[in-house]
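Any value given below was found using the heavy atoms of this structure, including those in side chains, with hydrogens, waters and symmetry copies removed.
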Amino acid sequence: MAEPTQDAPRGKTPWGAFWSLVVIQCMNSLNEKGVQFLLIALGIWMAAELQYPLSILIVVPFVLFSPLAGWLSDRYCKTRLLQSMVLLQVVVLVGMTAGLFMHSLPVAMVFFTVFCIQAMFFSPAKKGLVKDMVGTENIGFASGILEITSMLALLVGQIGALSVVYMLLKEWGRDAGWEAAAVPCACCAGGAVLVFLLSLTIPRFKPQSTRPFEWSLLWQHFTQLRMLWRVRVLRNSEIGICYFWFIAGIMMLVVLQMAAEANPVESSADFMQVLGQQKDSAILFAWLSGGAIAGGLVASIVCAKAIRLWVAHVGGLGMIIGCTAMALIPYGQPLFFAALCLTGFSAAGYLVPLNARLQDRADNDKRGDVIAAGNLVDCFMGIMSVVLQAAMKAAGLTPQWQCGILAVVTAILAIFLLREKEE
């Protein structure tokens with residue numbers, strides 16, 4: 001990868017470039033989640049469960065290649081790395097579209113695997129650029145905007161993919177499963193081309209690290225984690241961030257369990273009924289994610305000129321109230337949806353200042369490593385959320401009891417965070 005030949009303009013904050021970055025990461029998130037659910041919908045049509053292997057594929061690259069991704073982001077121009085990953089996304093989506101039109105699930109799955117690897121390298125480059133662009137003063141606002149727009153893109157990709165496949169199958173007939181997945185995938189590829197052209201407008205910033213490549217980067221996970229864990233402010237920020245992804249993973253599974261129990265579908269049901277149930281479940285995510293988007297926006301505005309840790313404290317309290325309310329209010333009641341929305345609102349408000357502080361307080365030449373290490377921890381906690389929720393479900397705990405347990409765990413973490421002071 002060539003070194004940049006010029007620096008980005010200094011002095012005035014390049015907000016135009018920042019908003020271009022927001023659009024680029026939104027399209028990346030939308031496409032990633034969209035093609036995942038296109039394949040899930042295709043699996044339902046084929047009477048195959050693809051959601052579990054696809055979920056594992058998303059996590060595995062972060063576990064395997066985290067040190068390498070962090071090193072690349074620190075060692076080379078983040079803008080060039082970002083542009084390379086956006087171009088790779090175009091190639092991946094074209095390959096997936098071809099596989100779907102050829103009725104080849106293995107081909108589509110191989111390209112989806114490459115997409116997951118692309119997302120892993122994309123993340124530290126994207127997040128690392130934020131401070132380069134806006135500086136410490138504005139990082140609270142900018143980091144928050146980046147997070148909430150990503151959540152919105154993920155939500156649109158998930159609901160949109162299921163809805164489009166459902167609509168196309170009704171329009172084209174029940175034998176058109178491959179085409180119903182391939183056409184929207186082709187549209188994603190077309191959008192990715194436009195986003196690649198937009199990425200060419202992002203200014204370039206000189207890399208801060210001169211560390212050469214070492215083969216040990218392929219297994220330096222614990223070295224990277226120690227770098228994150230030995231600095232108190234980074235460690236405590238990451239503890240809070242990974243808990244967000246932990247509770248988010250559990251809440252999504254709890255909501256799915258609630259929706260499935262409220263709208264049971266027989267195992268012999270027509271695949272259109274199953275697909276319709278999946279589409280209805282996605283609406284519940286809209287309440288949770290919609291609250292998160294609103295909460296993230298409010299937190300970003302509050303943290304516009306400085307990172308305010310008290311926002312995380314208030315968010316933790318809101319999560320306790322939301323989870324407790326969901327444990328006590330019957331599913332389907334208007335107050336239940338309000339509690340679901342409050343939980344998402346508070347969780348995003350809790351995340352924004354912690355995420356901004358992690359990116360701001362990391363050394364410039366180690367920021368990619370710190371972000372990649374954080375991604376590794378977040379993915380591990382995401383796996384733990386699946387294991388814990390499955391264990392609670394297997395133990396016969398109702399979704400309401402599970403929400404009550406989350407309220408207690410959140411209260412414990414909130415007490416821990418209250419010890420943190422503004423720095």
Side-chain angles (χ1 to χ4, degrees), residues 25-46 48-63 85-86 88-101 104-123 149-169 177-178 180-192 195 245 248-249 252-253 255-256 271 274-275 277-286 288-289 375 378-379 382-383 385-386:
Q25 70 102 28
C26 279
M27 182 58 75
N28 198 84
S29 298
L30 187 150
N31 284 344
E32 181 187 8
K33 186 59 65 173
V35 296
Q36 178 189 356
F37 275 81
L38 286 176
L39 291 176
I40 288 175
L42 181 64
I44 294 172
W45 178 75
M46 299 173 66
E49 290 191 352
L50 295 181
Q51 59 267 39
Y52 295 110
L54 291 174
S55 298
I56 292 173
L57 282 175
I58 289 173
V59 174
V60 166
F62 285 93
V63 176
M85 292 302 103
V86 176
L88 178 58
Q89 180 188 158
V90 175
V91 175
V92 165
L93 289 171
V94 170
M96 281 193 66
T97 301
L100 292 170
F101 274 120
S104 174
L105 185 60
V107 171
M109 291 289 285
V110 166
F111 277 103
F112 181 78
T113 302
V114 179
F115 202 158
C116 295
I117 296 172
Q118 178 269 356
M120 184 270 307
F121 284 103
F122 179 86
S123 179
T149 52
S150 179
M151 292 178 192
L152 177 60
L154 292 171
L155 177 65
V156 171
Q158 176 179 331
I159 297 178
L162 292 172
S163 300
V164 168
V165 172
Y166 186 79
M167 178 187 67
L168 292 178
L169 285 173
W178 290 103
V183 169
C185 189
C187 293
C188 289
V195 169
W245 295 110
M252 290 187 70
L253 294 171
V255 166
L256 274 175
F271 76 91
V274 178
L275 197 58
Q277 183 198 57
Q278 291 282 335
K279 185 168 67 71
D280 292 340
S281 299
I283 302 301
L284 290 177
F285 293 146
L288 185 64
S289 300
N375 286 339
D378 296 342
C379 287
I383 295 172
S385 70
V386 175

*Asks:* Please report the interatomic distance CG(Leu42) to CG(Leu100), rounded to the nearest 0.5 Å.
*Replies:* 6.5 Å

*Asks:* Supply the atom-to-atom distance Trp178 CH2 to Leu105 CG, rounded to the nearest 0.5 angstrom.
*Replies:* 5.0 Å

*Asks:* Restricting to non-hydrogen atoms, name the atom on Ser29 and the atom on Ser150 that form the minimum distance, rounded to 0.1 Å.
*Replies:* OG-OG, 3.1 Å

*Asks:* Roughly how far, to the nearest 0.5 Å, is CD of Glu32 from CG of Leu93?
*Replies:* 10.5 Å

*Asks:* Taking atom SG of Cys188 and atom NZ of Lys33, what is their separation to the nearest 0.5 Å?
*Replies:* 13.5 Å

*Asks:* Between Leu39 and Met96, does the side chain to side chain contact (heavy atoms under 4.5 Å, CB included) criterion hold? Intermediate values first, please.
*Replies:* CA-CA 10 Å; Leu39 291 176; Met96 281 193 66; 3.8 Å; yes

*Asks:* Rounded to the nearest 0.5 Å, how far does CD1 of Ile383 lie from CG of Asp378?
*Replies:* 11.5 Å

*Asks:* Suppose we screen for side chain to side chain contact (heavy atoms under 4.5 Å, CB included). Which residues come up paired with Cys116, at least two apart in sequence or across chains?
*Replies:* Leu57, Ile58, Pro61, Phe112

*Asks:* Within a strict 4.5 Å, meaning less than it, do heavy atoms of the Asn31 and Phe115 side chains meet?
*Replies:* yes

*Asks:* Identify, with sequence neighbours excluded, every residue that meets side chain to side chain donor-acceptor pair (under 3.5 Å) alongside Thr149.
*Replies:* Gln25

*Asks:* I'd like to know if the side chain of Gln118 and the backbone of Leu88 have a donor-acceptor N/O pair within less than 3.5 Å.
*Replies:* no

*Asks:* Does the side chain of Pro184 come within less than 4.5 Å of Leu168's, by heavy atoms?
*Replies:* yes

*Asks:* For the pair Phe111 and Thr97, evaluate side chain to side chain contact (heavy atoms under 4.5 Å, CB included) and give the outcome as yes or no after the intermediate values.
*Replies:* CA-CA 9 Å; Phe111 277 103; Thr97 301; over 6 Å; no

*Asks:* Hey, are the side chains of Phe37 and Val165 touching, using non-hydrogen atoms and a 4.5 Å cut-off?
*Replies:* no

*Asks:* Using a 4.5 Å cut-off on heavy atoms from C-beta on, say whether the side chain of Val183 contacts that of Phe101.
*Replies:* yes

